[in-house]
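One structure is given below, encoded as structure tokens.
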Amino acid sequence: DGGSFPPVEEVAPPSLGCSRCRLSANGCLQCNPNHPRYVAAGGGGQEEEVALFRVQHDDGDVEDLEEGEARAAAEWHASLLQEKAMRADGHRWVGQRVARYFEQRAAPVLCSITKWLPPDGDEGALFRCVHDDGDEEDLEEHEVRAAMRRLAAARKEEEAAPPMSEEEVTAAVEAEGLTLLRSERGSSGFTGVRVNKPGKWAKGPAKLRGPTFTAAFSGAHTRTTALEAALDYARHLQQQEQEQQQAPVEVVG
């Protein structure tokens with residue numbers, strides 16, 4: 001129905017043992033008497049007491065895991081169960097567009113809530129947040145609410161600042177000595193300008209608004225016209241050139 005999420009491919013966890021005992025990559029005390037986890041740091045063949053955990057596989061095999069290996073296997077299994085329990089329906093936030101901010105990026109990252117995990121006892125609900133660039137994360141309820149407020153604030157800011165007209169962009173290019181890099185290869189018509197199409201979760205005005213445009217550098221603002229994004233990119237290149245010219249020259253000799 002468009003709201004479903006691809007099922008998780010159930011793959012076996014990384015191998016935890018050697019070909020004989022499957023305890024670890026270095027074997028166990030039986031097949032490797034010099035196993036580093038069983039020999040004291042001072043050497044001399046003194047065994048070091050290590051807690052072991054007996055694990056029985058569903059296929060009948062049995063192995064003994066050390067604490068770190070048992071913990072890693074338990075965490076892997078818990079993450080798989082959580083993924084299976086997530087639902088693509090049953091909550092009004094599924095399909096909701098949100099915005100996330102990160103310290104290393106000045107511009108907000110647009111995202112969609114695609115799945116959710118119902119609360120369980122003292123554990124609150126989790127919401128799968130898929131970024132438009134392909135990354136994803138799980139958010140708690142208060143984080144989703146904050147992300148929705150950030151998206152509303154970003155849209156309000158865009159509406160408060162109307163896009164520049166073609167005449168205004170042309171005047172800025174001439175006044176600042178810039179060059180807009182036109183291109184026939186990209187869908188935006190300009191080099192260094194990305195086209196942001198509405199995601200499949202976009203609804204209402206967000207879907208009708210059409211694509212937006214962003215200059216290809218970190219922290220660039222999202223624009224409603226490719227022309228204005230091209231102006232951002234031209235200014236960015238000019239700033240880079242000025243910084244290179246002002247950089248101190250290292251004298252060797």
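The structure presented is a predicted model; accordingly, all values stated were derived computationally and were not measured.
Closest heavy-atom contact between Ala147 and Arg100: CB-CD, 4.1 Å. Taking all atoms of both residues into account, the shortest heavy-atom contact from Cys129 to Cys111 is SG-CB, 3.3 Å. In this structure, Val94 and Ala88 approach most closely via the heavy-atom pair CG1-O, 3.4 Å. The heavy-atom pair separating Ser112 from Arg97 by the smallest distance is OG-NH1, 2.9 Å. Among all heavy-atom pairs drawn from Phe127 and Ala125, the shortest one is CE1-CB, 3.9 Å. Closest non-hydrogen pair, Ser183 versus Thr191, comes out as CB-OG1, 3.4 Å.
Looking only at side-chain heavy atoms (C-beta outward), Glu66 and Phe53 stay at 4.5 Å or farther from each other. Within the 4.5 Å cutoff, no side-chain heavy atoms of Asp61 are placed close to those of Gln56. Residues Pro163 and Arg223 have side chains not in contact (no heavy-atom distance under 4.5 Å, counting atoms from C-beta outward). Counting heavy atoms from C-beta on, the side chains of Trp116 and Arg87 come closer than 4.5 Å. In this structure the side chain of Trp93 reaches within 4.5 angstrom of the side chain of Val144, judged on heavy atoms. Proximity of Ile113 to Val98: side-chain heavy atoms (C-beta onward) are separated by under 4.5 Å at one or more points. At least one side-chain heavy atom of Leu81 sits under 4.5 Å from a side-chain heavy atom of His77. For the pair Pro211 and Asn196, the minimum side-chain heavy-atom distance is 4.5 Å or more.
Atom CD of residue Gln242 and atom CG of residue Leu237 lie 11.5 Å apart, to the nearest 0.5 angstrom. For the atom pair CG of Asp138 and CD of Glu143, the computed distance is 9.5 Å after rounding to the nearest 0.5 Å. Annotation: the span from Arg194 atom CZ to Thr214 atom OG1 amounts to 6.0 Å, rounded to 0.5 Å. Atom CZ in Arg145 sits 13.0 Å away from atom CG in Leu139 (nearest 0.5 Å).
Grouped with Leu117 in one hydrophobic cluster are Met86, Leu126, the linkage being side-chain heavy-atom contacts under 4.5 Å among Ile, Leu, Val, Met, Phe, Trp and Tyr residues. Other members of the cluster containing Leu110 are Leu151, with ILVMFWY side chains joined at under 4.5 Å, either directly or via other members.
Scanning for ring pair (Phe, Tyr, Trp, His ring centres under 6.0 Å) contacts around His131 gives Phe102, with sequence neighbours left out. By the side chain to side chain donor-acceptor pair (under 3.5 Å) test, Glu140 pairs with His142, sequence neighbours left out. Applying the ring pair (Phe, Tyr, Trp, His ring centres under 6.0 Å) criterion to Phe213, with sequence neighbours excluded, gives no partner residue.
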Using residues 169-179 as the side-chain source, report each donor-acceptor pair under 3.5 Å to any protein atom, sequence neighbours left out, with the distance given to one decimal.
unit_1	atom_1	unit_2	atom_2	d
Thr170	OG1	Glu166	O	2.8
Glu176	OE1	Arg235	NE	3.0
Glu176	OE2	Arg235	NE	3.4
Glu176	OE2	Arg235	NH2	2.7

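A salt bridge between Arg54 and Glu63 is absent, with no side-chain N of the basic residue lying under 4.0 Å from a carboxylate O of the acidic one.
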Does the pair Val130 and Glu137 meet the rule for a side-chain contact (heavy atoms from CB on, under 4.5 Å), with working shown?
CA-CA 7 Å; Val130 179; Glu137 57 181 330; over 6 Å; no
Worked verdict on Glu67 versus Arg71 for salt bridge (Lys or Arg N to Asp or Glu O under 4.0 Å):
CA-CA 6 Å; Glu67 182 176 354; Arg71 191 186 305 277; 2.7 Å; yes
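Within a 6.0 Å radius of CD in Glu123, no more than 12 heavy atoms belonging to other residues, nucleotides or ligands are found. Heavy-atom contacts from other residues, nucleotides or ligands closer than 6.0 Å to CG of Asp120 number 12 or fewer.
Between Phe190 and the options Leu181, Leu227, Leu231, a side chain to side chain contact (heavy atoms under 4.5 Å, CB included) holds for only Leu227.
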